[in-house]
Number of protein chains: 2
Amino acid sequence: MNRADETTRPGDGDPAVPPDAALLPVTVDVVALTVRDDALQVLLVERGVDPFRGALALPGGFVLPGEGLTAAATRELAEEAGVAPPGHLEQLGTYGPLGRDPRGPVLSVAHLLLAPDFGVVRPGSDAGAVAWHPATEVLDGATLAFDHARILADGVERARSKLEYSPLATAFCGPEFTVAELRRVYEAVWGVRLDPRNFSRKATGTPGLLEETGRTTSGGAGRPAALYRAAAGGSAGRRDTGVEDGPAVVRAVIDPPLLRPRA
Amino acid sequence: MNRADETTRPGDGDPAVPPDAALLPVTVDVVALTVRDDALQVLLVERGVDPFRGALALPGGFVLPGEGLTAAATRELAEEAGVAPPGHLEQLGTYGPLGRDPRGPVLSVAHLLLAPDFGVVRPGSDAGAVAWHPATEVLDGATLAFDHARILADGVERARSKLEYSPLATAFCGPEFTVAELRRVYEAVWGVRLDPRNFSRKATGTPGLLEETGRTTSGGAGRPAALYRAAAGGSAGRRDTGVEDGPAVVRAVIDPPLLRPRA
DNA sequence: CCCGATTCTCGTCAACTTGACGACAAAGCG
DNA sequence: CGCTTTGTCGTCAAGTTGACGAGAATCGGG
């Protein structure tokens, strides 16, 4: 862009955006992941309008004037899924604007939500059914609207990778959880089995990851388990400190990292 | 894409984007990093126009109609720095649109370029001086235009973190390089000293990172060093395979990772 | 009330990786 | 010809991982 082209509108104190700049509609799409029935599941909506009417899609929609990216993402989740979910929301990446929407050039800022299994979910105003779907099934048999299959694949890979070095696995759990619950999160997201003894050693031995509550489970089968909560500041990135919209900055806590078993 | 589903406004080739969607100007900004004089340096331009006339800024500018994100980033680099640089270009994240540009809401898709030290750089047609600046100095004494200080900080942190597990350090080197050159990249980016013997063991012992050329350096002081090139597919992410614009997907190669020394 | 099943937790041990460092190899320089 | 510089190979203690044994604490059924 030739910045010499930038002009000042008469009667306007601020310089104006150059007239040859593209003005693009922007959507936010959310890859909302949870762990349900020991499987990684993704929240999908059935589109109620064209294009791709009737197809499955990620929840999302257009950014409105005066709105920030994170605000748009949470608003769309509320509108389409009827939830103001807890958990960790971070920016995933930006797609487009060319060749991904039949309506023309549209920029899409994808987000990633890692959340505990929040109960479903009322159908949104302009969408059909809203439901959790096992991520592996969708990734394999994927026929999602737009380029949502690719966005979902990127989101799942991001989640898998972040579990290795960040405390974000705790975002899938409730406020208090056992080491075994945390392990089942890893097992579901990675699709592997982990040794409970070694996992417990690593989880409890990592400073800044878990905080003891002093309480234990009761009522279930087997020996009661100690209850923990996520350590303070554990999953706190820059997003929790301000209103700015930008990519995720999450502190690395698991050091050395807990690597996925390699085939 | 199923164009049969499109509903077309009469007399309008752009169907069905809802009328209440914001139409945003979008910029691309590039955090271009290299290693020069054993230091991590960032390419900055002096702005020639308001806003922030005379201030230092990341190279970048507005996306034009019909243009993709990556295309806009490379075009801006060519226009403002006079280079069609080699190296690795990936998306960093998207900032805004609120509160970051005095001209109004502007979305900025930041990119990260890791490149060998390409010779400077002609002043762009519409910008003032273009030059490399030591990253640490800029990060400390930072008064950059817009929110570019924050974007730079995010870009440097991304680069530092990616060196741990990806082969991207080779993007800072020329087509052939020695293990010592690669080590100096790590030392410059991380700002630490690494043991040459241990680094050599890790670099040469990591499958898929280096490829022997059979040749050696000559002429310099000391014993000649073996020349390597980046292993095929090493720094190749999805971006190299298609025209789609999206976030970076870089294969993890250094496994277990080469972690920064922790204080 | 005892017994097995289940689940959580602690301990042990070999294999591997890291960090620190000694030693040698191969060039240039006086 | 030594001396310096730089790259490469080895060695070794310390720490981490992966595999697994064994005990602790609870539930449910005979």
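Basis for what follows: all heavy atoms, side chains included, without hydrogens, waters or symmetry-related copies. In what follows, every chain begins at residue 1, and chains take the letters A, B, ... in the order their sequences are listed.
- The CZ-C1' distance, from B:Arg197 to C:dC24, rounds to 12 Å in whole Å.
- The minimum heavy-atom distance linking B:Leu210 with B:Phe177 is given by the pair CD2-CE1, 3.6 Å.
- When the C1' atom of C:dC8 is taken as reference, atom CZ of A:Phe177 falls 16 Å away, rounded to whole Å.
- Counting only N and O atoms by type, the side chains of A:Asp29 and A:Tyr95 include no donor and acceptor under 3.5 Å apart.
- Counted by atom type alone, B:Thr34 and B:Asp117 present zero donor-acceptor pairs between their side chains at under 3.5 Å.
- When side chains are defined from C-beta on, A:Asp255 does not count as touching A:Tyr165, because their heavy atoms never get closer than 4.5 Å.
- Toward the 5' end of DNA chain D, the nearer of the two residues B:Pro196 and A:Ala221, judged by each one's closest nucleotide, is B:Pro196.
- We find that CG of A:Leu182 is positioned 18 Å from P of C:dT7, with the value rounded to whole Å.
- A pairwise comparison of heavy atoms in B:Leu113 and B:Phe118 identifies CD2-CE2, 4.3 Å as the closest pair.
- For a distance-only test at 3.5 Å, the side chain of B:Arg223 fails to qualify as a donor-acceptor partner of the base of C:dG28.
- Two residues, A:Arg184 and B:Gly222, neighbour DNA chain C, and the one matched to the more 5' nucleotide by heavy-atom proximity is A:Arg184.
- Protein chain B contacts DNA chain D over a range whose 5' and 3' limits, counting nucleotides with an atom under 4.0 angstrom from a non-hydrogen atom, are D:dT5 to D:dT11.
- Taking atom CZ on B:Arg260 and atom P on C:dG19, their separation rounds to 14 Å, with Å as the unit.
- Residue A:Pro257 is the one, among A:Pro257 and A:Gly220, whose nearest nucleotide of DNA chain D lies closer to the 5' end (criterion: closest heavy atom).
- Going from atom CZ of B:Arg201 over to atom P of C:dC21 covers 14 Å, rounded to whole Å.
- The distance between atom CG of B:Leu258 and atom C1' of C:dG19, rounded to the nearest whole Å, is 12 Å.
- Side-chain N/O atoms of B:Lys202 include one lying less than 4.0 angstrom from OP1 or OP2 on C:dT18.
- Atom CZ of A:Phe199 and atom P of C:dC8 are 12 Å apart (whole Å).
- With A:Ile151 as the fixed residue, the side chain to side chain contact (heavy atoms under 4.5 Å, CB included) test singles out one of A:Leu58, A:Val156, A:Leu112: A:Leu58.
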Please lay out, stage by stage, how B:Tyr228 and B:Thr204 fare under the test side chain to side chain contact (heavy atoms under 4.5 Å, CB included). CA-CA 10 Å; B:Tyr228 296 84; B:Thr204 57; 3.7 Å; yes
